[in-house]
Undergrad: 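What follows is a structure written as structure tokens; I'll ask about it next.
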There are 4 protein chains.
Amino acid sequence: MSSGERVRAAAVKLFAAKGFHGTGIRDLAQEAELSSASLYHYMGTKEDLLVEIMATSLRRLLDAAAKATAGAGDPVARLRALVALHVLAHAAQPAETRVVDNEVDALSDAARARVVALRDEYEELWAQAIEDGVAAGVFHTAHPAVTRLALLEMCSGVARWYSPRGPLPLDGLARHYAELALRALGHPGEVAVTDLRPCLEVVAQVWDVPHQKDRK
Amino acid sequence: MSSGERVRAAAVKLFAAKGFHGTGIRDLAQEAELSSASLYHYMGTKEDLLVEIMATSLRRLLDAAAKATAGAGDPVARLRALVALHVLAHAAQPAETRVVDNEVDALSDAARARVVALRDEYEELWAQAIEDGVAAGVFHTAHPAVTRLALLEMCSGVARWYSPRGPLPLDGLARHYAELALRALGHPGEVAVTDLRPCLEVVAQVWDVPHQKDRK
Amino acid sequence: MSSGERVRAAAVKLFAAKGFHGTGIRDLAQEAELSSASLYHYMGTKEDLLVEIMATSLRRLLDAAAKATAGAGDPVARLRALVALHVLAHAAQPAETRVVDNEVDALSDAARARVVALRDEYEELWAQAIEDGVAAGVFHTAHPAVTRLALLEMCSGVARWYSPRGPLPLDGLARHYAELALRALGHPGEVAVTDLRPCLEVVAQVWDVPHQKDRK
Amino acid sequence: MSSGERVRAAAVKLFAAKGFHGTGIRDLAQEAELSSASLYHYMGTKEDLLVEIMATSLRRLLDAAAKATAGAGDPVARLRALVALHVLAHAAQPAETRVVDNEVDALSDAARARVVALRDEYEELWAQAIEDGVAAGVFHTAHPAVTRLALLEMCSGVARWYSPRGPLPLDGLARHYAELALRALGHPGEVAVTDLRPCLEVVAQVWDVPHQKDRK
DNA sequence: CATGAATGAGTGTTCATTCAT
DNA sequence: GATGAATGAACACTCATTCAT
């Protein structure tokens, strides 16, 4: 791992664990095994580092979601894919996603606008899937926008507690959440592992996570 | 509002908006319209202030939950009450609850232990309701603990986006979330406003929130 | 001397001796016998301190010059007064005037504009006196603007070398420079001490300098 | 222009514009279009660079002055030459001369001693000319040393404002200053352009400045 | 009850300089 | 020659906290 990568990794780890404002430049330096001055060869300001992490992470999620839902006309399949992908991303990359979800307030106005725009673009995929499902009569919900937010928060929460060392493997987690989400949308039924295979493949590509939960 | 109350209110507002580490003692002083030195007449350290806010807030939620579920043998009724109460608390007191949910990492080990113990005690009410519902055959979920966490995150998320100025009043919000939760637990069905009345009353008592959503 | 005054005095001394950029905040703190943090009770930024010194010093000179030339219709008398005043100010307040003369480049654009405006206002008094003298036929110079700049630089230079401990007292210095200036303007002749009395009085008032050179 | 020359030119430009302490090594590198590390192939420390600039510049002025006054027994001619040369040097090389005049305080004690010795040697030429003129009865001044300093400051000031794009060409400037100086010394009279020809030639040789003011 | 004054430790960032490549 | 990488020390400035008044 190069020094530049170590800096980024240190930032992800510490921003996730202690928050942006709770992480000092000297903490980053120590974690990256560099002097605090050397940090500045690999980053602009501390905020630049945060923005880069958030934007990259969000864009990756957005691209993965676009890929995983591409060509799926069925709203149920799309939502299932979105839920699975979101949950897997948050379970596999809890630090990155916690930073994205928790540190928006630490951004300056300009940077926040950029990040929020990406987030909105991503959420629009969810909104569209739910809306289409309601229109198609496969989803039933009195307040689609509220439901969307509820489901997103539910899925994002995974980053706050999931451990790959626990009893539930990644694919089981994804299946369970997909079922919860579809039930909440009034479309109950089992989710088969085969339904998730495309998602798992996208996840494996995008985040370098093995199909099996047997690593690290 | 007394000076002491102004200090606490300032802390809740700013800790919620900018985080504990993102809020300086001078910010608090300005918000409370006091000098920074005077702050220390009303608080111990900055961390003491945070701990007080978190502990008080959690204890209030815990007491309210205990009161709202007391005597209800029916797991469905208990869970409905817990969901409604949690959602209402987060919608009515978004700042307090955001502090509780987001700033645990800012606590020292000793303080964190206290706060986490309270939180665990509260979550145990949820765990018990779900477990009882599963045992009674009214809830169906393959991973009760995971489901519990998913629902808690879903409900806590309300504090991040709900606005009383939006189209959905508090009671409607509570009903909707209760329905989402029960559906997710495999127990679909409408939730009547009358089912929530006891909750709304507890909320009104505990958090000084009017029944009607027509205030500021 | 209060702490605030000590800070200002330290800044004048050190900015004059080592330049704005050559003076660290810790140097100021040491000179003012305060911690570097305490400095910030008495100043805004380091640049604010510089601006305050320059603006105050220039305004004082401008006011003194206006007072010393007020009511004098004779261009010769006005120029004599301006020269004497300028020289006395630079001899009596060498640190302040060196800061004003040398640190303009250290200012931000906005601050520089303010300071330069004051300086221009002051130089206009010189320009007017010279122009009037030329028009009246008492001064003879082919390039009045160049001459004005030459004389100003000549007089400002005093701050770079004059010592009250040297053989030449303040009033002798002023007389000598007044003679040099008038000669350069083609209006030779002795300058009597009585001609300078009004100037010396203004100087004594404005800069708290005794008439006699026998202090400190 | 070689890299080494670019470094020196960058230093002259930036030290003049922002001061020694106000100029960072990175500023120099950028101006010289080199990396900051590469700078150190062409210089010792930042201070060495400053010393080299000052010493070279002063020695060149000193040599030029010696050459321009060599063999001239007439104190008036000598002073006229000194003034013209000084003014021309400051008008033609404003950056170099500003560095020499303003950055003496930035030098370490040892380096300052070297530079001041050169400056003293140069000023001695002025002192000698004035003294000789007074002794010969062609100059009249009550305080020769003060007058010398006054005239030197007057002439050095040219570097702070003269622009070759203004209305006054170099030779006109030199003539005007020579007249001002001789008048101040009680020896009025026109200065003919032919009187300055030797000086202009020395200037052209030493500083690569064309006789005509029509360049750049 | 309230605060101006004060500070040691810490903030994010830049400094001039070195050195292996 | 030229530079990316590296750093200890310093930079201007803010931190949470104390205390005499």
Side-chain angles (χ1 to χ4, degrees), chain A residues 2-4 6-7 11 20-29 32-50 106, chain B residues 2-4 6-7 11 20-29 32-50, chain C residues 2-4 6-7 20-29 32-50 106, chain D residues 2-4 6-7 20-29 32-50:
Chain A
S2 75
S3 291
R6 283 212 312 279
V7 170
F20 178 75
H21 290 302
T23 302
I25 227 73
R26 284 157 184 82
D27 299 327
L28 287 174
E33 294 177 302
L34 247 50
S35 75
S36 62
S38 298
L39 241 45
Y40 286 86
H41 274 279
Y42 303 100
M43 50 177 262
T45 65
K46 190 181 146 193
E47 197 196 2
D48 291 340
L49 187 54
L50 175 60
Chain B
S2 75
S3 290
R6 282 211 313 279
V7 171
F20 178 75
H21 290 302
T23 301
I25 225 77
R26 281 160 184 78
D27 299 325
L28 289 174
E33 295 177 303
L34 249 54
S35 76
S36 60
S38 298
L39 237 48
Y40 286 85
H41 278 279
Y42 303 101
M43 50 178 262
T45 67
K46 192 180 145 196
E47 197 195 3
D48 291 340
L49 187 54
L50 174 62
Chain C
S2 74
S3 291
R6 283 210 313 278
V7 170
F20 178 75
H21 290 303
T23 302
I25 228 75
R26 284 156 186 81
D27 299 326
L28 287 174
E33 295 178 301
L34 246 49
S35 75
S36 61
S38 299
L39 240 43
Y40 287 86
H41 275 279
Y42 303 101
M43 50 178 262
T45 65
K46 192 180 141 190
E47 197 196 2
D48 291 340
L49 188 54
L50 175 61
Chain D
S2 74
S3 290
R6 283 212 312 280
V7 170
F20 177 75
H21 291 302
T23 301
I25 227 75
R26 281 158 184 78
D27 299 326
L28 289 174
E33 295 177 301
L34 249 56
S35 76
S36 60
S38 298
L39 237 47
Y40 286 86
H41 278 279
Y42 303 101
M43 50 177 262
T45 66
K46 192 180 145 195
E47 196 195 4
D48 291 340
L49 186 54
L50 175 62

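In what follows, chains carry the letters A, B, and so on, assigned in the order in which the sequence lines appear, proteins first and then strands, with residues in each chain numbered from 1.
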Undergrad: Within less than 4.0 Å of OP1 or OP2 of dT3(E), is there a side-chain N or O belonging to Ser38(B)?
TA: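 Yes, within the criterion.
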
Undergrad: Show the nearest heavy-atom pair for residues Ala11(A) and Leu28(A), with the distance to one decimal.
TA: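 Closest heavy-atom pair between Ala11(A) and Leu28(A): CA-CD2, 3.4 Å.
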
Undergrad: Mapping Ser3(A) and His41(B) to their closest nucleotides on DNA chain F, which lands nearer the 5' end?
TA: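 That would be Ser3(A).
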
Undergrad: Heavy atoms under 4.0 Å is the rule here; annotate nucleotides 10-15 of chain F 5' to 3' with B where the base is hit, S where only the sugar-phosphate is, and - elsewhere.
TA: BBBBBB

Undergrad: Mind listing the closest non-hydrogen atom pair of Ser36(A) and Ile25(A) along with its distance?
TA: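 Reported closest heavy-atom pair: CB-CG2, 4.0 Å.
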
Undergrad: Can you measure from CD (Glu33(B)) to OG (Ser38(B)) and round to the nearest 0.5 angstrom?
TA: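 Separation between the atoms: 12.5 Å.
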
Undergrad: Using a cut-off of less than 4.0 Å, is there contact between a side-chain N or O of Tyr42(B) and OP1 or OP2 of dA2(E)?
TA: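 The answer is yes; a side-chain N or O of Tyr42(B) sits under 4.0 Å from OP1 or OP2.
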
Undergrad: Any non-hydrogen side-chain atom of Phe20(D) less than 4.5 Å from a side-chain atom of Lys46(D)?
TA: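 A side-chain contact exists here, since the closest heavy-atom pair is under 4.5 Å.
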
Undergrad: Where is the tightest heavy-atom contact between Gly24(C) and Asp27(C), given as atom of each residue plus distance?
TA: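 Result for this residue pair: N-OD2, 2.8 Å.
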
Undergrad: Quickly work out the Leu28(A) CG to dT11(E) C1' distance and round it to whole Å.
TA: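 In whole Å, dT11(E) C1' lies 13 Å from Leu28(A) CG.
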
Undergrad: For DNA chain F, report each stem as range with range, ordered by first number, or say none. Use Watson-Crick or G-U wobble pairs under 3.5 Å, at least 3 in a row.
TA: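 Stem list for DNA chain F: E:2-21 with F:2-21.
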
Undergrad: Quick one: closest heavy-atom pair of His21(A) and Ala106(A), and the distance?
TA: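 Minimum heavy-atom separation between His21(A) and Ala106(A): NE2-CB, 3.9 Å.
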
Undergrad: Could you check how far CG of Leu39(B) sits from P of dT3(E), rounded to whole Å?
TA: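 Atom CG in Leu39(B) sits about 10 Å away from atom P in dT3(E).
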
Undergrad: Rounded to whole angstroms, how far apart are CG on Asp48(D) and P on dA16(E)?
TA: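 Between P of dA16(E) and CG of Asp48(D): 14 Å.
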
Undergrad: For residues Leu34(D) and Ser3(D), report the shortest heavy-atom separation together with the two atoms involved.
TA: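 Looking at all heavy atoms of both residues, the shortest contact is CD1-OG, 4.1 Å.
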
Undergrad: Using every non-hydrogen atom in the two residues, find where Met43(B) and Leu49(B) come nearest and quote the distance to one decimal.
TA: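 For Met43(B) and Leu49(B), the tightest heavy-atom pair comes out as SD-CD2, 3.8 Å.
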
